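Step one of this worksheet: look at the structure below.
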Amino acid sequence: MNAILRISLPLTLWLAGFSAVYGLHGLLCSSRWAALAAALPGRALLIGAAILVLALEALLIGLLRSPRWPAPDPAIHRVSLTLAIAAFASSAWTLMPVLATSHCL
């Protein structure tokens with residue numbers, strides 16, 4: 001795995017996951033999508049999307065620790081693994097409102 005990709009992927013995955021879940025939240029709560037949102041299980045979709053993001057973050061931590069994709073330098077390994085753990089914690093923290101509250105107020 002390329003060193004730049006190793007370092008940038010964890011936070012990029014957090015950003016994409018955060019944007020996707022809250023974008024889905026906005027679509028489900030939008031008045032323009034009210035007919036579609038009434039037919040879809042909105043809360044289940046949001047919970048499923050949040051769980052998918054957390055699973056992808058956990059998978060990335062596993063991949064970064066795997067000996068199959070060694071880092072070219074021990075410092076890059078530590079930095080990328082630290083960023084992946086921080087991204088997982090950030091995902092869990094920022095997606096907690098989606099899991100804990102109603103999807104539209």
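Source: prediction; values computed, not measured.
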(Q) Enumerate the ring pair (Phe, Tyr, Trp, His ring centres under 6.0 Å) contacts for residues 74-100, please, sequence neighbours excluded, ordered by first and then second residue. (A)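 As it turns out, there is no ring pair (Phe, Tyr, Trp, His ring centres under 6.0 Å) pair with a partner in residues 74-100 once direct neighbours are skipped.
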Q | Value rounded to 0.5 Å, distance of NE2 in His25 from CG in Leu28 | A |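 One gets 8.0 Å once the value is rounded to the nearest 0.5 Å.
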Q: Only counting residues at least two apart or in another chain, list the ones meeting side chain to side chain donor-acceptor pair (under 3.5 Å) with Ser80.
A: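 Listed in chain order: Arg6.
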Q: Quick one: name the residues clustered hydrophobically with Ile7, using the 4.5 Å side-chain heavy-atom rule over I, L, V, M, F, W, Y, and just say none if it's on its own.
A: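 So far as hydrophobic clustering goes, Ile7 is joined with Leu11, Ile76, Val79, Leu83.
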Q. Is it the case that one hydrophobic cluster holds both Met96 and Phe18, taking links as side-chain heavy atoms less than 4.5 Å apart, direct or via other members?
A.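 No, it is not one cluster - the side chains of Met96 and Phe18 are not joined through contacts under 4.5 Å.
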Q.
On a heavy-atom basis, which atom in Pro72 and which in Ala3 lie closest, and how many Å separate them?
A.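 Of all heavy-atom pairs spanning Pro72 and Ala3, the closest is CG-CB, 4.1 Å.
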Q.
My understanding is that only residues two or more places apart in sequence, or in another chain, count here; which of them pass side chain to side chain contact (heavy atoms under 4.5 Å, CB included) with Leu15?
A.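 Scan of Leu15 (side chain to side chain contact (heavy atoms under 4.5 Å, CB included), adjacent residues dropped) gives Ser19.
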Q: Applying side chain to side chain contact (heavy atoms under 4.5 Å, CB included), name anything that partners Ala44, two or more places apart in sequence or on another chain.
A: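 With sequence neighbours excluded, Ala44 shows a side chain to side chain contact (heavy atoms under 4.5 Å, CB included) to Pro41, given in chain and number order.
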Acceptor/donor pairs from residues 45-67 side chains to any protein atom, 3.5 angstrom cut, sequence neighbours excluded:
unit_1 : atom_1 : unit_2 : atom_2 : d
Glu57  : OE2    : Trp14  : N      : 3.1
Ser66  : OG     : Arg68  : N      : 3.1

